[in-house]
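Scroll down for the structure; my scribbles are underneath it.
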Amino acid sequence: MNDTMQDGSATGYDRALALIGEGRIPEALELLDLLAGPASRDARIRYARGVALLSNGEYRKAGTDLAFAVALDRSFLPAYRHLGFVLLTMGKELAAIRVLKAAIAIDRSFVDAWCVLGDVYLDLGEHDKALEAFDAALELEPSNPEPHCKLAMYHLSKGDMRGLRREYEVLRELDPSMAGRIAELLP
């Protein structure tokens, strides 16, 4: 951990995360640059910058920061998830699969990695593997709305309107706002 973080700027880091959550990306990036600069060797700062850049649509830069976060702290699972998403978005599906499988190898119960891995397989048209990933996420957290939403997208991609409706019904209980978005897809 660098001196900046040891000197009590953890509150600055927390503030930067709050700014990202509020959508105040330029302010978050400015604060993160003040905390450690663009060459930071602190995985948390690199991760936070990556998320801010991702929110700003700067995928290549986000990917660089997220890759550094993973390299600096091999156990920092959220960085793997976001890096996998960036790689998927950039059309680098095979690299995304490697990153997400590495996260799952560290912690098989990392539901977010299973969900993004399923997205990658859907993008590649590998529906059976996508279903396996979404089912793994659901087995780990049956009441988490995210895997149900992913499974709804799986059913939609297969043209399975009954499956889509089943997931919609589950989501109505778990997350009504997410269910509302799924309802727009129902015939």
Side-chain angles (χ1 to χ4, degrees), residues 17-18 20-25 47-48 50-63 66-67 69-70 76-187:
L17 291 181
I20 293 168
E22 295 167 9
R24 297 165 57 189
I25 305 306
Y47 168 75
V51 171
L53 290 164
L54 179 60
S55 298
N56 219 25
E58 298 180 57
Y59 297 105
R60 196 169 299 281
K61 288 180 182 178
L66 293 166
V70 167
F76 195 5
L77 293 176
Y80 285 88
R81 179 239 185 253
H82 283 89
L83 179 57
F85 175 79
V86 167
L87 291 167
L88 169 61
T89 302
M90 293 175 63
K92 298 179 179 185
E93 289 89 351
L94 297 180
I97 290 170
R98 281 192 302 276
V99 165
L100 295 163
K101 283 186 173 183
I104 291 166
I106 293 167
D107 182 357
R108 291 201 55 79
S109 67
F110 187 36
V111 170
D112 290 344
W114 285 110
C115 287
V116 178
L117 182 61
D119 287 341
V120 175
Y121 285 131
L122 270 185
D123 197 59
L124 291 171
E126 296 185 31
H127 291 92
D128 291 342
K129 289 182 179 179
L131 181 58
E132 287 174 21
F134 297 144
D135 281 345
L138 280 173
E139 186 176 312
L140 291 165
E141 293 184 18
S143 61
N144 181 338
E146 189 66 21
H148 287 284
C149 183
K150 300 293 186 178
L151 197 52
M153 294 301 99
Y154 165 82
H155 290 301
L156 182 65
S157 74
K158 298 287 285 178
D160 177 4
M161 293 300 121
R162 277 193 279 184
L164 179 62
R165 181 161 297 284
R166 274 193 315 271
E167 293 306 320
Y168 164 73
E169 294 298 333
V170 171
L171 285 167
R172 280 183 44 194
E173 297 296 319
L174 297 177
D175 187 335
S177 68
M178 193 179 286
R181 292 191 301 270
I182 300 298
E184 296 173 10
L185 304 171
L186 291 168

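Every value quoted in this text rests on a predicted model; they were computed, and no experiment measured them.
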Exercise for the section: Provide the full list of salt bridge (charged side-chain N to carboxylate O under 4.0 Å, His left out) pairs with a residue in residues 160-169, sequence neighbours left out, each pair given once. Expected result: Glu169-Arg172
Handout entry: Residues that Tyr80 engages under side chain to side chain donor-acceptor pair (under 3.5 Å), provided they are two or more places apart
Key = none
Completion exercise
The salt bridge (Lys or Arg N to Asp or Glu O under 4.0 Å) partners of Lys158 (sequence neighbours excluded) come to none
Fill in the blank from the handout: Hits for ring-ring contact (aromatic ring centres under 6.0 Å, His included) against Phe110, two or more places apart or cross-chain, chain-then-number order -> none
Exercise for the section: Walk me through it: do Tyr47 and His82 pass the test ring pair (Phe, Tyr, Trp, His ring centres under 6.0 Å)? Expected result: CA-CA 9 Å; Tyr47 168 75; His82 283 89; 5.5 Å; yes
Would you be so kind as to tabulate the donor-acceptor pairs closer than 3.5 Å made by side chains of residues 112-120, with sequence neighbours excluded?
residue : atom : partner : partner atom : Å
Trp114  : NE1  : Arg108  : O            : 2.8
Asp119  : OD1  : Lys150  : NZ           : 3.4
Asp119  : OD2  : Lys150  : NZ           : 2.5

Which donor-acceptor pairs under 3.5 Å do side chains of residues 90-99 form with protein atoms, sequence neighbours excluded?
none

Handout entry: Residues which pass ring-ring contact (aromatic ring centres under 6.0 Å, His included) with His148, listed by chain and number, not counting sequence neighbours
Key = none
Handout entry: Closest non-hydrogen atom pair between Leu83 and Gly63, with its separation
Key = CD1-O, 3.7 Å
Handout entry: side chain to side chain donor-acceptor pair (under 3.5 Å) partners for Glu126, two or more places apart
Key = Lys129
Fill in the blank from the handout: Contacts of Asp135 meeting side chain to side chain donor-acceptor pair (under 3.5 Å) (sequence neighbours excluded), chain-then-number -> none
Handout entry: Pairs flagged by side-chain hydrogen bond (donor to acceptor under 3.5 Å, both in side chains) wherever residues 176-187 is involved - sequence neighbours left out
Key = Asp175-Ser177
Handout entry: Residues that Glu139 engages under salt bridge (Lys or Arg N to Asp or Glu O under 4.0 Å), provided they are two or more places apart
Key = none
Exercise for the section: Name all residues meeting the side chain to side chain donor-acceptor pair (under 3.5 Å) criterion together with Asp107; count only those two or more places apart in sequence or in a different chain, and write none if there are none. Expected result: Ser109
